[in-house]
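Have a look at the structure below, then the notes.
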Number of protein chains: 2
Amino acid sequence: MTAARLAIMQTVSDGDHLDVEAIHRGVCERVGQVSLQAVYDSLNALQRGGLLRRIEPPGSPTRYETRVGDNHHHLVCRHCGKITDVDCAVGHAPCLDPVSDAGYLVDEADVIYWGLCPPCRAETGAVHL
Amino acid sequence: MTAARLAIMQTVSDGDHLDVEAIHRGVCERVGQVSLQAVYDSLNALQRGGLLRRIEPPGSPTRYETRVGDNHHHLVCRHCGKITDVDCAVGHAPCLDPVSDAGYLVDEADVIYWGLCPPCRAETGAVHL
DNA sequence: CAGCAAACTTGAATGACTCAAGTAAAGGAA
DNA sequence: TTCCTTTACTTGAGTCATTCAAGTTTGCTG
């Protein structure tokens, strides 16, 4: 674990579902110039090692967060792109039970709720979508 | 609705969660040379019009299916990439209820179950992951 | 202190997709 | 019918996030 990787962990931890570019900026602020590829490489390593979780909402670049191991889900705002954590709706190791699993051995459920966050909801005056 | 677009609908309908390249091939087989961009354009139009549903699993190109309007979910095999439909686990317009919605106005839930399909499960001898 | 693997650098390449500009065909109004 | 507008389609270029490749530096192990 190097200074650069520590800075990545701190940046991701302080930030809010940051994308790679934002993490790169944060790391450079903390420890000086680090190449973007080093950030990619480290993020992959940290994710493989279970220290970071990767979030990949369609239509937006990959994001990372430090909250791992609880298989929580995400609310994504259609208007501003903001991502908010939300606890798993079912059970505790959870959401791993589709009604019928078609014989699959399921180990993870990726859930993204799409909608409007409170500020955007107020701004657009939306009551229903 | 042109011949090309009809061929797209038929190809997607006959296929099984095909990606754009596969749809393009299928369309060309049916009606002769059609440009890839025409396929992209048409798929977007058909999706906007609610005739096709787009599936975007992380790490794989976008796929399309004709089953729309029931917000069902998908099982994705980690080993071979096969995608299988699975009905929604909760309620009927469903899965739109996270435990806490953090004030969001939620209109859609995107759920992907990751695991091993039966053949890959047998092949790898996996009982647990 | 030599050797080796991990981390990091720069630079090029890839894949999936979008944008732009122009042509062709199809539907409506005069 | 002819004109006009819109939609569909074509070719070609461009973008973005990400990965690959090759070489250099760093730091631990024996």
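We name chains A, B, ... by the order of the sequence lines, and we start the count at 1 in each one. Please read these numbers as outputs of a predicted model, since none were measured by experiment.
Checked by atom type and distance alone, the side chain of B:Arg53 pairs as donor or acceptor with a backbone atom of B:His72 at under 3.5 Å.
Residues passing the side-chain hydrogen bond (donor to acceptor under 3.5 Å, both in side chains) test with A:Gln10, sequence neighbours excluded: none.
A:Glu56 comes within contact range of no nucleotide atom at all, as no heavy-atom separation falls under 4.0 Å. Nucleic acid contact for A:Ala4: sugar-phosphate only, since backbone atoms but no base atoms lie under 4.0 Å from a heavy atom of the residue.
Salt bridge B:Glu21/B:Arg25: present, at least one basic N to carboxylate O contact under 4.0 Å. The pair B:Asp14-B:Arg30 meets the salt-bridge criterion, since a charged nitrogen lies less than 4.0 angstrom from a carboxylate oxygen.
With 3.5 Å as the limit, one finds no donor-acceptor pair spanning the side chains of A:Thr62 and A:Arg54.
Atom CG in B:Asp41 sits roughly 13 Å away from atom C1' in C:dC17 (whole-Å rounding).
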Please enumerate all protein N or O atoms sitting under 3.5 Å from an N or O of nucleotides 17-26 of chain D, with distances to 0.1 Å.
unit_1	atom_1	unit_2	atom_2	d
D:dT18	OP1	A:Thr62	N	3.0
D:dT18	OP1	A:Thr62	OG1	2.5
D:dT18	OP2	A:Tyr40	OH	3.0
D:dT19	O4	A:Gln37	NE2	3.3

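Under 4.0 angstrom from either OP1 or OP2 of C:dC8 there lies at least one side-chain N or O belonging to A:Arg5. In this model, the phosphate group of D:dA8 is not approached by any side-chain N or O of B:Ser42 to a distance below 4.0 Å at OP1 or OP2. OP1 or OP2 of D:dT7 has not a single side-chain nitrogen or oxygen of B:Thr2 nearer than 4.0 Å.
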